[in-house]
Amino acid sequence: MVWASGRAGTFVVTSDGGNTWKAGVVPGAELLQFRDVEGVSAKVAYLQSIGVSGDPTDFRIYKTVDGGANWTMQFQNQNPGAFYDCFAFWTPKRGISHSDSVNGVFPDLRTTDGTTWQDISNNMPPALPGEASFAASGTCVATQGGQNAWIATGASTMARVLATRDSGDTWNAYNTPLVSSPSAGAFTVAFRNPWNGIVGGGDLDPNDANNARTATSSDGGVTWTLTNPPPVTGAIFGLAYSHGAGNGDGSRTVVVTANAGGAAWTPDEGTTWFTLPGVTGYWAVAFASPKAGWLVGTNGRILKISF
C-alpha cells in the first residue's frame with residue numbers, strides 16, 4: 001500500500017505495489033496543494049494541505065477511513081501567520097504537525113486519538129527570527145519508535161533540528177552545519193533508529209545551486225557532521241532510508257535523496273554517493289521495503305526504485 005498527494009486536491013493510492021493506481025480529489029479542496037500524506041493502510045490515510053491564495057484557512061488536515069471515498073476535515077487553520085509544512089505519525093492515531101514560527105513561537109499540533117488536534121506551541125523551543133521549515137516533500141518532520149521525533153528548520157541564522165523524546169511534551173533545539181538564510185536551511189530529516197539519522201537541505205536561490213548538503217548524527221540529533229556533498233544541484237527536498245538493502249542479508253542501509261536537480265543514493269550515509277542517472281524533477285522519496293520505493297515528482301510522475 002502506497003499513498004501520494006499533489007496539487008488540485010489530488011491523492012493517489014496503490015494496493016498492488018504500484019501496478020495500478022487509484023486517483024481522487026478531496027471535495028472542497030480542489031484549489032489546495034497536498035504537500036504531505038501519511039498512509040496508515042489501504043483504507044486509512046491523512047492529508048495535509050497548503051493553499052494557493054494566501055488564505056490561512058487553506059492549511060488543513062483531512063482523514064479517510066474508506067480508501068479515499070470520503071474525507072473528514074479534522075483541522076482548519078485560523079492563525080494568520082501559520083504555515084503548516086509537514087506532519088508525521090508514531091502510530092495510526094498519534095501524530096504531530098509542524099508550522100513555521102509566528103512571532104517567535106511554533107504553533108505546532110498533536111493528535112493522540114487520530115481525530116482531534118491540540119496546540120502544543122507551549123511545548124516548543126523558542127524560534128529564531130524568521131525560523132521556518134520547507135513544505136517541499138512532507139519530510140521536515142520524522143518520527144521513530146513510540147516517542148521520538150525530529151523537525152528540520154531553516155530560513156534564519158541557523159539551520160536547526162528540533163527534537164523530542166517524549167512524544168512532543170518537551171523539545172530541544174540543536175544546530176546543524178547546513179547553510180541557512182531566508183531561502184535556505186534543512187528541508188528533510190530521517191532517523192533509522194533512536195540515535196542515527198540524516199538531515200538534508202540547501203538553498204532555493206537558483207544563483208546558489210551548489211549548496212545541496214547532508215549531515216549525519218549518531219547521538220539522536222544533538223550534534224551533526226557534514227557528509228561528502230551529494231552529486232546533485234539545488235536543495236535536497238526529501239530523503240529516506242531503505243533499511244536492509246543489498247547484500248541479501250539486510251546488512252546495508254541505503255539513503256536516497258530527491259530534489260528538482262537530480263537524485264542520488266549512498267550505501268554508507270554520505271561517505272560515498274552515486275547518482276540515479278536521468279532522474280530529475282522528483283520532490284519526495286519513501287520506501288515500503290528495500291524492494292519497493294517510490295520517487296514522486298512533478299506532473300504526476302511516480303518512479304519505482306529498489307535496492
Practice task
Starting at CZ of Arg7, measure out to CG of Asn299 and round the result to the nearest 0.5 Å.
Solution key: 8.0 Å
Handout entry: Sub-6.0 Å ring centroid separation between Trp150 and Phe191
Key = yes
Practice task
Answer yes or no: are there more than 12 heavy-atom neighbours, outside Leu31 itself, under 6.0 Å from its atom CG?
Solution key: no
Handout entry: is_close_aromatic(Tyr241, Phe287), centroid dist under 6.0 Å
Key = no
Problem - Phe237 and its side chain to side chain contact (heavy atoms under 4.5 Å, CB included) partner, picked from Thr188, Val285, Leu204, Thr139 - result: Leu204
Practice task
Could you check if a side-chain atom of Ile96 sits within less than 4.5 angstrom of a side-chain atom of Trp90, using non-hydrogen atoms only?
Solution key: yes
Practice task
Answer yes or no for Arg301 and Tyr282: cation-pi contact, defined as NZ/CZ to six-membered ring centre under 6.0 Å and angle to ring axis within 45°.
Solution key: yes
Handout entry: side chain to side chain contact (heavy atoms under 4.5 Å, CB included) assessment of Asp36 paired with Ser5
Key = CA-CA 7 Å; Asp36 201 353; Ser5 62; 5.7 Å; no
Problem - In one Ile/Leu/Val/Met/Phe/Trp/Tyr side-chain cluster, 4.5 Å: Trp71, Met1 - result: yes
Practice task
Indicate whether the side chain of Asp55 and that of Ser53 have a donor and an acceptor atom separated by less than 3.5 Å.
Solution key: no
Problem - Thr227 and Thr214 side chains, donor-acceptor separation under 3.5 Å - result: yes
Exercise for the section: Return yes if a side-chain donor-acceptor contact under 3.5 Å exists between Asp66 and Thr64, otherwise no. Expected result: yes
Practice task
Describe, in one word, how the ring planes of Trp21 and Trp294 are oriented to each other, choosing from parallel (under 30°), tilted (30 to 60°) and perpendicular (over 60°).
Solution key: perpendicular
Handout entry: Residues Asp169 and Arg110 bridged, charged N to O under 4.0 Å
Key = yes
Handout entry: Greater than 12 external heavy atoms within 6.0 Å of Arg192's CZ
Key = yes
Practice task
Assign the ring pair Tyr46 / Phe87 to parallel, tilted or perpendicular, where the plane angle (0 to 90°) is split at 30° and 60°.
Solution key: perpendicular
Handout entry: Same apolar cluster: Ile50 and Leu47, side chain cutoff 4.5 Å
Key = no
Practice task
Flag yes if Trp117 and Tyr84 sit in one hydrophobic cluster, no otherwise; membership is Ile, Leu, Val, Met, Phe, Trp, Tyr, and two members link when side-chain heavy atoms are under 4.5 Å apart.
Solution key: yes
Exercise for the section: Report yes if some heavy atom in the side chain of Arg160 is under 4.5 Å from a heavy atom in the side chain of Leu128; otherwise report no. Expected result: yes
